[in-house]
Amino acid sequence: QVQLVESGGGSVQAGGSLRLSCAVSGYTASRSCMGWFRQAAGKQREWVSYISRSDITVYAVSVKGRFIISRDNAKNTLHLQMNSLKPEDTATYYCAARSGGNCDSLEYSYNYWGQGTQVTVSS
């Protein structure tokens, strides 16, 4: 079975950095699209970024220039480097995998989800 396990969340001050990881098992992360989503308290889940099997990366406007998505194929792990963090980045962050098709930013297009890791940014 496919499992995705996020780690690396925590509490930081505005302007700080965190590196999130998503360990993938039962699935080869490089075969199709992998994405990051986040959900703040009281708000809907929001797409953050994706990386395609051809290593194309796309970011939401809210994080462009601050976050970097990457894959470590040898470790079958997805990463999200988050720099210049803002209080509005506070959310639970989820990694997700799409078993087929091209990458997109739609939550329902992804088949597999992790349990999430909390990121809290204080002002």
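The residues of the chain are indexed from 1 along the displayed sequence.
When every heavy atom of S84 is checked against every heavy atom of S17, the shortest pair comes out as N-OG, 4.2 Å. Of all heavy-atom pairs between Y110 and G35, the closest is CE2-N, 4.0 Å. The minimum heavy-atom distance between A40 and A91, with the atom names listed, is N-CB, 3.7 Å. In this structure, S25 and N76 approach most closely via the heavy-atom pair N-ND2, 4.4 Å.
For the 3.5 Å distance criterion, the side chains of T92 and Q39 fail to qualify, holding no donor opposite an acceptor. With 3.5 Å as the limit, one finds a donor-acceptor pair spanning the side chains of S21 and H79. For the 3.5 Å distance criterion, the side chains of S52 and S54 qualify, holding a donor opposite an acceptor.
Note on residues 73-123: pairs passing disulfide bond (SG atoms under 2.5 Å apart), not counting sequence neighbours, are C22-C95, C33-C103. The salt bridge (charged side-chain N to carboxylate O under 4.0 Å, His left out) analysis of residues 48-62, with sequence neighbours excluded, yields the pairs D55-R71.
For N102, the CG atom is loosely surrounded, since the number of other residues' heavy atoms within 6.0 Å does not exceed 12.
If you take CD on Q13 and OG on S123, they are separated by 9.0 Å, rounding to the nearest 0.5 Å. Atom CZ in F37 sits 10.0 Å away from atom OG in S49 (nearest 0.5 Å). From W47, atom CH2 reaches atom OG of S109 across 12.0 Å, with rounding to the nearest 0.5 Å. With rounding to the nearest 0.5 angstrom, the CD atom of Q118 is 12.0 Å from the CD atom of E6.
For R31, there are no salt bridge (charged side-chain N to carboxylate O under 4.0 Å, His left out) partners at least two apart in sequence or on another chain. Under the rule for a salt bridge (charged side-chain N to carboxylate O under 4.0 Å, His left out), the partners of D104 that lie at least two apart in sequence or sit in another chain are R98. Residues meeting the salt bridge (charged side-chain N to carboxylate O under 4.0 Å, His left out) test with E88, sequence neighbours left out: none.
At distances below 3.5 Å, at least one donor-acceptor pair connects side-chain atoms of N111 with backbone N or O atoms of S99. Counting only distance, with no hydrogens or angles, the side chain of T90 and the backbone of T120 share no donor-acceptor pair below 3.5 Å.
Under the 4.5 angstrom side-chain criterion for Ile, Leu, Val, Met, Phe, Trp and Tyr, the cluster partners of L80 are V2, L4, V12, L18, L20, V24, Y27, M34, W36, V48, I51, Y59, V63, F67, I68, I69, L78, M82, L85, Y93, Y112, V119, V121.
Cation-pi contact between R45 and Y94: present, with separation from the ring centre below 6.0 Å and deviation from the ring axis of at most 45°.
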Go through the steps to decide whether S70 and Q81 satisfy the test side-chain contact (heavy atoms from CB on, under 4.5 Å), and finish with yes or no.
CA-CA 8 Å; S70 63; Q81 178 66 45; over 6 Å; no

